[in-house]
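Here is the structure we will look at, set down as structure tokens.
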Amino acid sequence: MRYDLVIFDNDGVLVDSEPISNKLLAAYLTELGHPTTYEDSLRDYMGSAMHRVHDLVEERTGQRLPTDFDDVFHARVFAAFERELKPVAGAIDVLEKLAADGVSYCVASSGSHARIRVGHRTTGLDRWFGEERIFSSEDVGRGKPAPDLFLYAAERMGVAPERCVVVEDSPLGVQAAVAAGMDVFGFTAMTPAERLVGATQLFSSMGELPGLLSGLLH
């Protein structure tokens with residue numbers, strides 16, 4: 001298969017945000033009386049939209065999270081991003097090569113538009129991502145593992161789903177890409193390979209990605 005579009009997940013693929021946000025999420029849920037470890041957060045919420053956090057907590061405890069939960073959590077995350085966030089090692093090199101080769105690419109993230117932009121601005125990735133290349137679960141009804149976000153991104157970029165390759169690091173993201181009828185390269189830097197079931201290819205370092213894509217891009 002040759003690809004006309006590379007769709008990147010954001011958190012953990014372009015920006016090294018998963019450790020920051022999952023530590024904060026675990027701490028905030030614990031603070032609210034829902035004991036959660038960092039490992040719990042990675043297992044249950046990595047790669048998901050915020051509605052999954054609300055849904056799982058209510059499903060497990062019968063209690064709803066506070067109405068200001070998202071606002072408080074995002075304020076904490078954005079403050080931490082400003083202090084600590086870095087791009088994923090090798091991500092800038094990948095983007096530079098795609099841009100130099102004229103390859104079409106975009107980002108499709110479970111995170112909000114605000115979260116994506118704060119992360120990109122802080123890490124300098126904003127120079128590669130104009131408004132027309134950014135898609136969020138806010139743009140569709142259902143986040144990953146539903147295929148809606150990836151299908152929406154492909155439609156907006158004018159590429160058929162079967163001509164897209166997704167770069168993902170979460171089980172939910174891989175499920176969403178497969179459901180969308182897209183090939184998916186699973187990034188195993190933070191996620192054990194056995195959890196990325198269904199991935200077309202697996203790789204552990206962003207430096208490997210250009211080689212994996214070599215000869216497959218229009």
Side-chain angles (χ1 to χ4, degrees), residues 5-25 28 41 45-56 65-88 91-92 94-95 98-99 104-159 161 164-170 172-177 179-180 182 184 187:
L5 175 66
V6 181
I7 303 177
F8 291 96
D9 175 43
N10 190 55
D11 294 293
V13 171
L14 295 175
V15 296
D16 194 15
S17 53
E18 295 290 11
I20 298 171
S21 59
N22 281 283
K23 284 172 187 170
L24 289 171
L25 180 57
Y28 189 25
S41 184
Y45 304 121
M46 181 173 161
S48 68
M50 288 302 293
H51 66 77
R52 179 177 168 86
V53 182
H54 290 263
D55 292 346
L56 274 185
L65 291 170
T67 54
D68 65 347
F69 180 87
D70 290 14
D71 291 339
V72 172
F73 175 63
H74 283 132
R76 294 181 183 186
V77 167
F78 293 173
F81 279 5
E82 299 281 2
R83 295 190 305 269
E84 307 171 42
L85 191 62
K86 300 284 190 294
V88 166
I92 288 176
V94 171
L95 293 170
L98 291 177
S104 186
Y105 65 89
C106 65
V107 61
S109 172
S110 292
S112 65
H113 277 282
R115 176 180 171 133
I116 298 166
R117 284 165 175 73
V118 167
H120 285 190
R121 188 174 66 248
T122 303
T123 57
L125 292 180
D126 52 347
R127 63 178 287 198
W128 283 279
F129 290 96
E131 293 286 330
E132 74 284 356
R133 295 184 191 268
I134 297 177
F135 306 101
S136 160
S137 62
E138 289 182 323
D139 301 328
V140 295
R142 299 179 299 166
K144 305 168 189 177
D148 306 33
L149 176 57
F150 289 139
L151 293 172
Y152 176 74
E155 180 185 3
R156 289 289 302 273
M157 296 294 290
V159 177
C164 300
V165 61
V166 175
V167 183
E168 261 289 356
D169 71 330
S170 76
L172 294 175
V174 170
Q175 291 171 40
M182 300 176 180
V184 53
F187 184 40

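If you read the sequence from its start, that first residue is 1, and numbering goes on from there.
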Could you state the interatomic distance from CD (E18) to OG (S41), rounded to the nearest 0.5 Å? 8.5 Å

Can you tell me how the ring of F8 sits relative to the ring of Y105, calling it parallel under 30°, perpendicular over 60° and tilted otherwise? perpendicular

Would you call H120 and N10 a side-chain contact if the rule is heavy atoms closer than 4.5 Å? yes

If the threshold is 4.0 Å, N to carboxylate O, is there a salt bridge linking K144 and D9? yes

The reported gap from CZ in R117 to OG in S112 (rounded to nearest 0.5 angstrom) is 9.0 Å

On the six-membered ring of Y28, is R76 placed so that its NZ or CZ lies under 6.0 angstrom from the centre and within 45° of the ring axis? yes

One should read off an interatomic distance between D139 CG and D148 CG, to the nearest 0.5 angstrom, of 11.5 Å

Close side-chain approach of V118 to E82, heavy-atom, < 4.5 Å: yes

Nearest heavy-atom pair of C106 and A153: which atoms, and what distance? SG-CB, 4.3 Å

Closest approach of A91 to V13 (non-hydrogen atoms, all atoms of both residues): CB-O, 4.1 Å

Quick check: do F69 and M50 have side-chain heavy atoms less than 4.5 Å from each other? yes

Rounded to the nearest 0.5 Å, what separation is found between the CG atom of L125 and the CD1 atom of I116? 12.0 Å

Less than 4.5 Å apart, any side-chain heavy atom of L56 and any of Y45? yes

Would you call H113 and E131 a side-chain contact if the rule is heavy atoms closer than 4.5 Å? no

Decide yes or no for S21 and R115: does some side-chain heavy atom of the first lie under 4.5 Å from some side-chain heavy atom of the second? yes

Can you tell me how the ring of F81 sits relative to the ring of F78, calling it parallel under 30°, perpendicular over 60° and tilted otherwise? tilted

Can you confirm whether V88 sits close enough to L14 that some side-chain heavy atom of one is under 4.5 Å from a side-chain heavy atom of the other? no

Side chain to side chain, Q175 and E168, heavy atoms closer than 4.5 Å: no

